[in-house]
Amino acid sequence: MVVTSLARFARDNARRSELLSRCEDKLVALEDRVRAGRLCDPAKIGAAADRILRDSGVGRCFTTYIRRGSFSWDHDQEALHYEEDLLAGRYVLSTSLGNEQASTESVVRYYRALQRVERRFRVLKDFIGLRPIYHWKERRVRGHIAVCMLAATIEAVMGKDLATARVMDPDLDGQVLSARRALAELNRIRRVSLDAGDHSVTVVTRRNALQSKILAAFGVDTSDWDRATIA
């Protein structure tokens, strides 16, 4: 069965627009390099374009034109149409159950419930950056589950705080910043120690506007962060 989700449709479109924009910027930069004469060999131009498109996630949506000392590109309208009108917001579910065993609605409902469970069990790898761990004893499995649940609870509380404070994602219109993006932003803040002979100075890097909003939403007291600590 093919399932259509409005939430997934909005997410897919936002993500695709972001990826297209990034890829376009890189293609324009390559175009400028070729135009300036810094890259002339068609094989090297093609290799550079291939690297951009291969890693972009939307490479199929572009067409490139390469000759010696010349490079240009355009959107593949057929591929864009396929992405926007046929793929966005849709996914396929397959089940071995017959109509008498489960209705379409129940299959979709249980699949979405399974998605939520799987998403919570990914928090150790994605949310708090822990490597995969394989357990063979029941008590360790139970401990792993407990830590997953704790991480999921923390993520939910952070998400609620961000929504309450209306901390918006700068890259997605109308989208509240996710807890994962918030942590990624905060991870850029550094505590730096500078050694100067007989003494050292410890400082915290300056926060940008988004990081300051996130810290305020979480109720973090940063009043003494900008004071250098001398030892």
Side-chain angles (χ1 to χ4, degrees), residues 4-33 49 51-62 73-76 79-81 83-85 87-91 112 115-116 118-120 122-130 151-192 203-227:
T4 300
S5 166
L6 294 178
R8 187 163 183 158
F9 179 79
R11 185 194 67 190
D12 289 349
N13 281 337
R15 180 59 175 166
R16 185 181 59 257
S17 295
E18 179 183 353
L19 294 177
L20 285 172
S21 179
R22 291 179 184 177
C23 189
E24 289 165 2
D25 290 343
K26 293 179 180 179
L27 290 173
V28 168
L30 175 58
E31 197 172 15
D32 291 341
R33 286 174 59 198
R51 284 194 298 271
I52 294 172
L53 297 176
R54 184 180 64 242
D55 299 334
S56 68
V58 288
R60 57 191 170 279
C61 297
F62 293 91
W73 59 274
D74 199 356
H75 293 107
D76 186 324
L80 281 175
H81 167 73
E83 290 282 335
E84 295 173 357
D85 299 334
L87 286 186
R90 295 183 173 89
Y91 54 95
R112 289 178 175 171
Q115 278 187 314
R116 288 193 293 271
E118 290 177 340
R119 186 164 57 247
R120 292 311 181 192
R122 285 198 299 268
V123 295
L124 285 180
K125 176 177 179 293
D126 299 332
F127 185 60
I128 58 179
L130 222 59
T153 301
I154 294 173
E155 180 184 13
V157 171
M158 292 173 66
K160 183 178 180 181
D161 289 343
L162 292 167
T164 300
R166 299 296 294 168
V167 181
M168 309 305 291
D169 193 313
D171 299 324
L172 299 175
D173 293 339
Q175 179 73 42
V176 173
L177 194 73
S178 69
R180 300 179 188 218
R181 172 73 187 277
L183 282 185
E185 287 293 329
L186 295 183
N187 193 46
R188 295 164 57 190
I189 300 173
R190 293 290 183 268
R191 184 173 182 269
V192 183
V203 296
V204 179
T205 55
R206 190 182 301 275
R207 279 80 63 204
N208 60 34
L210 180 57
Q211 291 166 344
S212 297
K213 290 179 181 178
I214 295 169
L215 291 167
F218 293 158
V220 178
D221 182 7
T222 62
S223 58
D224 63 343
W225 284 21
D226 297 320
R227 301 173 189 167

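Fair warning: this is a prediction, and the values are worked out from it, not measured in the lab.
- When all heavy atoms of L19 and S56 are compared, the closest pair comes out as CD2-O, 3.7 Å.
- Here the shortest heavy-atom pairing between S178 and R181 reads OG-N, 3.1 Å.
- The side-chain heavy atoms of L183 and M158, taken from C-beta on, include a pair separated by under 4.5 Å.
- Atom CZ of R206 is surrounded by 12 or fewer heavy atoms from other residues, nucleotides or ligands within 6.0 Å.
- Side-chain contact between L215 and I189: present, with at least one pair of heavy atoms (C-beta onward) separated by less than 4.5 Å.
- Here the CG atom belonging to D12 is positioned 9.0 Å from the CD atom belonging to E83, to the nearest 0.5 angstrom.
- In this structure, C23 and I52 have side chains that are in contact, with non-hydrogen atoms separated by less than 4.5 Å.
- Judged purely by atom type and a 3.5 angstrom limit, S17 uses its side chain to pair as donor or acceptor with the backbone of N13.
- Considering all non-hydrogen atoms of both residues, W73 and E24 come closest at CH2-CG, 3.8 Å.
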- [ ] Evaluate the criterion side-chain contact (heavy atoms from CB on, under 4.5 Å) for residue pair K213 and R166; output intermediate values, then yes/no.
- [x] CA-CA 9 Å; K213 290 179 181 178; R166 299 296 294 168; over 6 Å; no

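- Within the 3.5 Å criterion, the main-chain N or O of E185 finds a donor-acceptor partner in the side chain of Q211.
- Atom CG of L27 and atom CG of D32 lie 11.0 Å apart (nearest 0.5 Å).
- Looking at heavy atoms from C-beta onward, V220 lies out of side-chain contact with I214 at the 4.5 angstrom threshold.
- The minimum heavy-atom distance linking A88 with R16 is given by the pair CB-NH1, 4.0 Å.
- Nearest approach of F218 to A182, heavy atoms of both residues: CZ-CB, 4.3 Å.
- Scanning all heavy atoms of the two residues, the minimum distance from L210 to M168 falls at CD1-O, 4.2 Å.
- Taking 4.5 Å as the limit, every side-chain heavy atom of Q175 sits out of range of all side-chain heavy atoms of R11.
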* Asked: Run the side-chain contact (heavy atoms from CB on, under 4.5 Å) check on V204 and T222 step by step: do they pass?
  -> CA-CA 10 Å; V204 179; T222 62; over 6 Å; no

